[in-house]
Amino acid sequence: MPRIRPGRIVIWTLLFLGGVIMVTPLIFMFSTSLKTAGQVYDLRMIPAAPTLDNYIKVLSDGRFLRWFFNSTIIALTVTLSNVFFDSLVGYTLAKFRFRGRYFVFLAILSTLMIPTEMLVIPWYLMSAEFGWLNSYWGIMFPGMMTAFGTFLMKQFFETVPDDFLEAARIDGLNEFTIWWRIAMPLVTPALSALAIFTFLGNWTAFFWPLIVTTSQELYTLPIGLSSFAVEQAIQWEMIMTGASLATLPTLLVFLLLQRYIVRGVMLAGLKG
């Protein structure tokens, strides 16, 4: 029987403790959402009398469903835009030789060094100028393309053999078809990682949607929950219920696609 090294036991123990510390707040949140108002301050993880009444009350509130719908539409639209445009630009920078290619790539990368807080004012002025304030487009346009996604896809497209692309050109395929049918299937791990990170980032976005929206009808879920928390300042069980419902999609995305997340992060680190 192979002998387990003491160092590995220490590492596994630390990882287990770290996992417990990170998961405990989530478990407490879900536990509180199943409690009545009189049980909220009972710190037991398993409620004495669990109930789903809080979920029924929150889901019966039309505002919550509207916020959930807004977040879903915005997150999915921005994700699809990133997957399409970032991969297209990354493919162009990786496989085409043209004057100024490296300058364009460096200019794109340089935007990663600009804090989001510094971009809010230009974004707001642009939105006001074009009439995008308090609209879906106003919320989405800053994230329709990202420098990180372009960099990630460029690094992966550079690993695609040029012989495959040349063979496709000889067969008479145009460049768009070569990108879509030949190159894209070869970088599926990068596309999966980009889609997951983009979706999660936009699902939890708070700062910019808070600034650009004024109508409750256009609130995303994080903003709606913050206003909901103010209205329900004393009803902690209702606040935890709303937070639990907002967390479920992100947990499902991670549980279903975690192997793509890990693989994408590992490959991105190797290619970077």
Student: Other residues, nucleotides and ligands only: do more than 12 of their heavy atoms fall within 6.0 Å of CD1 on Ile46?
Tutor: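 No, not enclosed.
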Student: Transitive ILVMFWY cluster of Ile121 at side-chain heavy atoms under 4.5 Å: who else is in it?
Tutor: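 Direct or chained contacts put Ile121 with Leu125.
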Student: Answer whether the closest heavy-atom distance between the side chains of Leu248 and Phe30 falls below 4.5 Å.
Tutor: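 They are in side-chain contact.
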Student: In this structure, are over 12 heavy atoms from other groups packed under 6.0 Å from Phe105 atom CZ?
Tutor: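 Correct, the count exceeds 12.
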Student: For Met45 and Thr24: C-alpha separation, side-chain torsions, deciding distance, then whether side-chain contact (heavy atoms from CB on, under 4.5 Å) applies.
Tutor: CA-CA 9 Å; Met45 287 297 182; Thr24 298; 3.5 Å; yes
Student: Evaluate the side-chain contact (heavy atoms from CB on, under 4.5 Å) criterion for residues Ile114 and Leu119: first the C-alpha distance (whole Å), next the side-chain angles of each, then the deciding distance (0.1 Å), finally the verdict.
Tutor: CA-CA 8 Å; Ile114 304 175; Leu119 297 173; 3.8 Å; yes
Student: Okay, side chain of Ser71, backbone of Leu221: is any donor-acceptor separation there less than 3.5 Å?
Tutor: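 Present.
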Student: For Ile27, is there any backbone N or O sitting under 3.5 Å from a side-chain donor or acceptor partner on Ser31?
Tutor: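 Side chain of Ser31 to backbone of Ile27: no pair is present.
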Student: If only atom types and distance count, is the side chain of Asn134 paired as donor or acceptor with the main-chain N or O of Ser215 below 3.5 Å?
Tutor: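 The answer is yes, because a donor-acceptor pair under 3.5 Å joins these two groups.
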Student: Is Phe141 linked to Leu88 within one hydrophobic cluster, defined over Ile, Leu, Val, Met, Phe, Trp and Tyr using a side-chain heavy-atom separation of less than 4.5 Å?
Tutor: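 No, it is not one cluster - the side chains of Phe141 and Leu88 are not joined through contacts under 4.5 Å.
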Student: Determine whether more than 12 heavy atoms belonging to other residues, nucleotides or ligands lie under 6.0 Å from atom OH of Tyr102.
Tutor: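 Count not over threshold, so no.
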Student: Do Tyr136 and Asn70 have side-chain heavy atoms sitting under 4.5 Å apart?
Tutor: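 Side chain of Tyr136 against side chain of Asn70, heavy atoms only: contact under 4.5 Å found.
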Student: Could you walk me through whether Trp132 and Ser135 pass the side-chain contact (heavy atoms from CB on, under 4.5 Å) test, one step at a time?
Tutor: CA-CA 6 Å; Trp132 295 343; Ser135 67; 4.1 Å; yes
Student: Would the distance check show the side chain of Asp53 and the main-chain N or O of Thr36 forming a donor-acceptor pair, the cut-off being under 3.5 Å?
Tutor: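 A pair under 3.5 Å: no.
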Student: Would you call Arg169-Glu175 a salt bridge at under 4.0 Å N-O?
Tutor: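 Counted as a salt bridge, because a side-chain N and a carboxylate O are separated by less than 4.0 Å.
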Student: To the nearest 0.5 Å, how far apart are CG in Leu76 and CE in Met140?
Tutor: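 So the gap between those two atoms works out to 11.0 Å.
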Student: Using ring pair (Phe, Tyr, Trp, His ring centres under 6.0 Å), reason through Phe68 and Trp203 one step at a time and then give a plain yes or no.
Tutor: CA-CA 10 Å; Phe68 196 97; Trp203 182 267; 5.3 Å; yes
Student: Do Ser81 side-chain atoms and Met144 backbone N/O form a donor-acceptor pair below 3.5 Å?
Tutor: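 Checked: pair present.
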Student: One pair to check against ring pair (Phe, Tyr, Trp, His ring centres under 6.0 Å): Phe84 and Trp179. What are the steps and the verdict?
Tutor: CA-CA 11 Å; Phe84 181 83; Trp179 164 73; 5.5 Å; yes
Student: Is there a salt bridge (Lys or Arg N to Asp or Glu O under 4.0 Å) between Asp42 and Lys35 once you walk through the steps?
Tutor: CA-CA 9 Å; Asp42 184 354; Lys35 297 178 181 179; 5.3 Å; no
Student: Counting heavy atoms not belonging to Trp180, are there more than 12 under 6.0 Å from its CH2?
Tutor: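 For Trp180, atom CH2 is not crowded (no more than 12 foreign heavy atoms under 6.0 Å).
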Student: Are side-chain heavy atoms of Val187 and Ser87 found at a separation under 4.5 Å?
Tutor: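 Val187 vs Ser87: side chains apart.
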Student: Does any non-hydrogen side-chain atom of Ser226 lie less than 4.5 Å from one of Phe206?
Tutor: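 A side-chain contact under 4.5 Å exists here.
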Student: So do Ile182 and Leu165 actually touch side chain to side chain, heavy atoms under 4.5 Å?
Tutor: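 Side-chain contact under 4.5 Å: yes.
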Student: Starting at OG1 of Thr72, measure out to CG of Asn202 and round the result to the nearest 0.5 Å.
Tutor: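 Interatomic distance, Thr72 OG1 to Asn202 CG, rounded to 0.5 Å: 12.0 Å.
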Student: Would Tyr219 and Thr213 count as a side chain to side chain donor-acceptor pair (under 3.5 Å) if you check the C-alpha gap in whole Å, the side-chain angles of each, and the deciding distance to 0.1 Å?
Tutor: CA-CA 7 Å; Tyr219 279 1; Thr213 56; 5.8 Å; no
Student: Using a 4.5 Å cut-off on heavy atoms from C-beta on, say whether the side chain of Phe64 contacts that of Leu59.
Tutor: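 Side chain of Leu59 against side chain of Phe64, heavy atoms only: contact under 4.5 Å found.
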Student: Spell out, as yes or no, whether a donor-acceptor pair under 3.5 Å connects the side chain of Lys95 to the backbone of Gly90.
Tutor: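 Not at all, since once roles are kept as given, no pair shorter than 3.5 Å links the two residues.
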Student: Surrounding CZ of Phe16 (heavy atoms of other residues, nucleotides or ligands, distance under 6.0 Å), is the total greater than 12?
Tutor: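 Not buried by this count: 12 neighbours or fewer within 6.0 Å.
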Student: Does Arg101 CZ have over 12 foreign heavy atoms under 6.0 Å away?
Tutor: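 Yes, enclosed.
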Student: Check for a donor-acceptor pair, side chain of Asn174 on one end and backbone N or O of Phe176 on the other, with a separation under 3.5 Å.
Tutor: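 Side chain of Asn174 to backbone of Phe176: a pair is present.
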Student: Just do the side-chain contact (heavy atoms from CB on, under 4.5 Å) check on Trp137 and Phe130 with the steps written out, would you?
Tutor: CA-CA 11 Å; Trp137 178 249; Phe130 291 101; over 6 Å; no
Student: Cluster question for you: counting only ILVMFWY and a side-chain heavy-atom cut-off of under 4.5 Å, with indirect links fine, are Leu252 and Leu65 together?
Tutor: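 The answer is no; the residues belong to distinct hydrophobic clusters.
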Student: With distance as the sole test, does Lys154 use its side chain to make a donor-acceptor pair with the main-chain N or O of Tyr91 at under 3.5 Å?
Tutor: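 A pair under 3.5 Å: no.
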Student: Any side-chain heavy atom of Leu109 sitting closer than 4.5 Å to one from Phe148?
Tutor: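 No. Closest side-chain heavy atoms not under 4.5 Å.
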Student: So, using side chain to side chain donor-acceptor pair (under 3.5 Å) as the criterion, who are the partners of Asp86 when residues are at least two apart?
Tutor: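 Once residues adjacent in sequence are excluded, the partners of Asp86 under the side chain to side chain donor-acceptor pair (under 3.5 Å) criterion are Thr146.
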Student: Without swapping roles, check the side chain of Trp208 against the backbone of Gly138 for a donor-acceptor pair under 3.5 Å.
Tutor: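 The answer is yes, because a donor-acceptor pair under 3.5 Å joins these two groups.
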Student: Does any part of the side chain of Ser192, heavy atoms only, come nearer than 4.5 Å to the side chain of Phe197, both counted from C-beta?
Tutor: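 No - every pair of side-chain heavy atoms lies 4.5 Å or more apart.
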Student: On a heavy-atom basis, which atom in Ile21 and which in Pro25 lie closest, and how many Å separate them?
Tutor: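 What the structure gives for the nearest pair is O-CD, 3.1 Å.
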Student: Examine distances only and state if a side-chain atom of Thr198 and a backbone atom of Ala195 form a donor-acceptor pair shorter than 3.5 Å.
Tutor: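 Looks like no, no N/O pair under 3.5 Å.
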